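Report on the structure given below.
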Protein chains: 2
Amino acid sequence: MFKETKTHEVTTDVVIFTIKDGKLKVLLVRRAHEPFKGKWAIPGGFIRISETIDAAALRILKEKTNVQNIYLEQLYTFGDPLRHPTARVITCAYFALIRSDDIVLSFEDNSEITEVEWHPVYNLPPLAFDHKEIIEYSLKRVRERLEFCPIAFQLLPEKFTLTELQKSYELILDKKLDKRNFRKKFLALSILKELDEYTKSGSKRPARLYSFNEITLNSKRGHFFS
Amino acid sequence: MFKETKTHEVTTDVVIFTIKDGKLKVLLVRRAHEPFKGKWAIPGGFIRISETIDAAALRILKEKTNVQNIYLEQLYTFGDPLRHPTARVITCAYFALIRSDDIVLSFEDNSEITEVEWHPVYNLPPLAFDHKEIIEYSLKRVRERLEFCPIAFQLLPEKFTLTELQKSYELILDKKLDKRNFRKKFLALSILKELDEYTKSGSKRPARLYSFNEITLNSKRGHFFS
DNA sequence: ATTAAATAGTGTATTTTGTACAAGTATATT
DNA sequence: AATATACTTGTACAAAATACACTATTTAAT
């Protein structure tokens with residue numbers, strides 16, 4: 001298919017999750033050029049020759065969201081020769097969880113892209129390349145991680161209610177959880193700091209606010225929810 | 001460090017585990033050339049331009065061990081620009097578990113290599129590149145997998161005793177397990193076929209032989225040992 | 001034939017973890 | 001004051017994990 005003398009291109013793509021408008025969303029960019037011109041894709045780019053892969057992924061993340069210091073994990077490397085129609089592009093995919101508040105999406109004068117937007121994970125538009133598969137695999141991985149460590153805290157503000165925390169789990173796992181069991185389990189882990197503050201009851205009964213203790217993962221069995 | 005016009009090279013390295021002489025071992029090759037001439041390394045090679053990464057890893061595995069149809073899983077992609085002293089080489093690492101019996105190690109007239117040998121995982125020689133890190137990470141992953149699915153069966157012969165099975169778990173997890181609990185748990189999973197055969201008591205009391213049913217993973221919670 | 005040595009095999013009691021499930025409490029609104 | 005809404009809390013049961021010690025079968029030695 002390709003000449004053996006042709007070289008591989010190596011990129012990184014980053015699946016960026018957030019919770020916005022009560023939905024789990026991923027950041028997508030609209031492609032300005034072929035292949036897949038006009039199609040939505042997950043943000044990505046070439047890995048520079050003297051840059052670690054992690055650094056490249058962080059760079060992509062920062063270009064689009066201006067966010068740094070975030071949970072970013074290498075997901076999988078996708079390298080089917082047919083995943084790109086005209087070149088051999090191997091992509092090392094990452095995923096990240098961020099809070100969507102105080103984030104300004106940007107193109108950064110990037111002629112590669114005509115739009116940047118959050119899209120509901122459970123209702124995606126047609127995507128370029130194998131990006132649908134990449135997102136699905138990310139979601140699977142996030143769910144696995146959630147069983148072991150409360151990475152959902154990346155999605156929440158500094159101070160949050162237990163209901164908000166539970167909601168973030170429900171959005172990721174895509175199922176309802178029992179309120180009493182959820183609280184019991186979480187409080188038993190003693191990773192939450194109970195604050196003496198309450199939501200300024202915009203609605204009904206104010207809810208107590210919590211924050212995370214410095215995260216020290218690996219509780220005995222490490223499992224959270226299944 | 002490198003000129004931005006220089007291209008990445010992309011390889012795959014495969015950590016191959018086996019149990020031999022009552023020890024958990026990995027397959028290492030001795031490098032014939034610089035860099036790290038004469039040092040031990042895990043087997044690897046360039047990914048061909050029209051080959052999937054999985055296919056490349058399987059090819060490497062077959063070149064060295066003549067084994068096919070084996071549990072092979074992508075581990076992680078290592079891409080630190082400093083991991084190779086003179087080039088930018090990104091490697092997509094895999095790991096595999098195989099039975100060491102009926103395996104003939106081979107160089108396949110490969111001038112890259114002067115030796116191929118099994119080495120105890122818990123007592124490795126100095127290794128080329130970041131291969132020590134890759135092996136350590138493989139081991140971590142194998143342990144994680146072991147909690148969910150009985151991949152240890154890849155290490156055992158067709159017919160085996162419960163003691164042998166337990167031993168393989170103990171070697172990988174590097175700790176003793178309780179015999180009665182181990183058996184109870186495994187038998188409850190009904191993935192074992194109890195045979196009407198026994199070890200031809202080379203030593204003391206003969207032990208019953210078992211084989212695996214067709215593996216259907218994902219029992220309810222999926223966990224085995226911690 | 002008896003005994004010793006080695007490995008195989010087995011069951012119960014306790015603790016921990018997971019799950020199912022419903023009523024009372026604090027605030028805002030009317 | 002009554003009502004609506006979201007917040008908070010505990011117990012009983014089931015399932016899973018863990019701790020723990022003796023008997024059984026064979027070979028080898030006397």
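Quick note on labels: first sequence line is chain A, next is B, and so on, each numbered from 1. Predicted model only: the values in this text are computed from it and were never measured.
Rounded to whole Å, atom P of C/dT10 lies 16 Å from atom CZ of B/Phe186. The CZ atom of A/Phe182 sits 18 Å away from the P atom of C/dT17 (whole-angstrom rounding). What separates CG of B/Leu177 from P of D/dA19 is a distance of 11 Å, to the nearest Å. Rounded to whole Å, the distance from CG on B/Leu195 to P on C/dA8 is 16 Å. Distance, B/Phe160 CZ to C/dA8 C1': 16 Å, rounded to whole Å. Atom C1' of nucleotide C/dT16 and atom NZ of A/Lys185 are separated by 13 Å, given to the nearest angstrom.
Residues A/Lys132 and A/Glu136 are paired through a salt bridge, judged by an N-O separation under 4.0 Å between the basic side chain and the carboxylate.
Put simply, the side chain of B/Thr12 gets close to the backbone of B/Cys92: a donor and an acceptor are under 3.5 Å apart. With hydrogens and angles disregarded, a donor-acceptor distance shorter than 3.5 Å links the side chain of A/Ser106 to the backbone of A/Glu63. Without hydrogens or angle criteria, B/Tyr198 side chain to B/Arg205 main chain gives no donor-acceptor distance under 3.5 Å.
Between the side chains of A/Thr163 and A/Arg183, a donor-acceptor pair is found at a separation under 3.5 Å.
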Return all side-chain donor-acceptor pairs below 3.5 angstrom for residues 38-45 of chain B, not counting sequence neighbours, or 'none' if the list is empty.
none

* Asked: When every nucleotide of nucleotides 4-13 of chain D is labelled 5' to 3' by its protein contacts under 4.0 Å (heavy atoms), B for base, S for sugar-phosphate only, - for none, what sequence of letters results?
  -> -BBBBBBB--

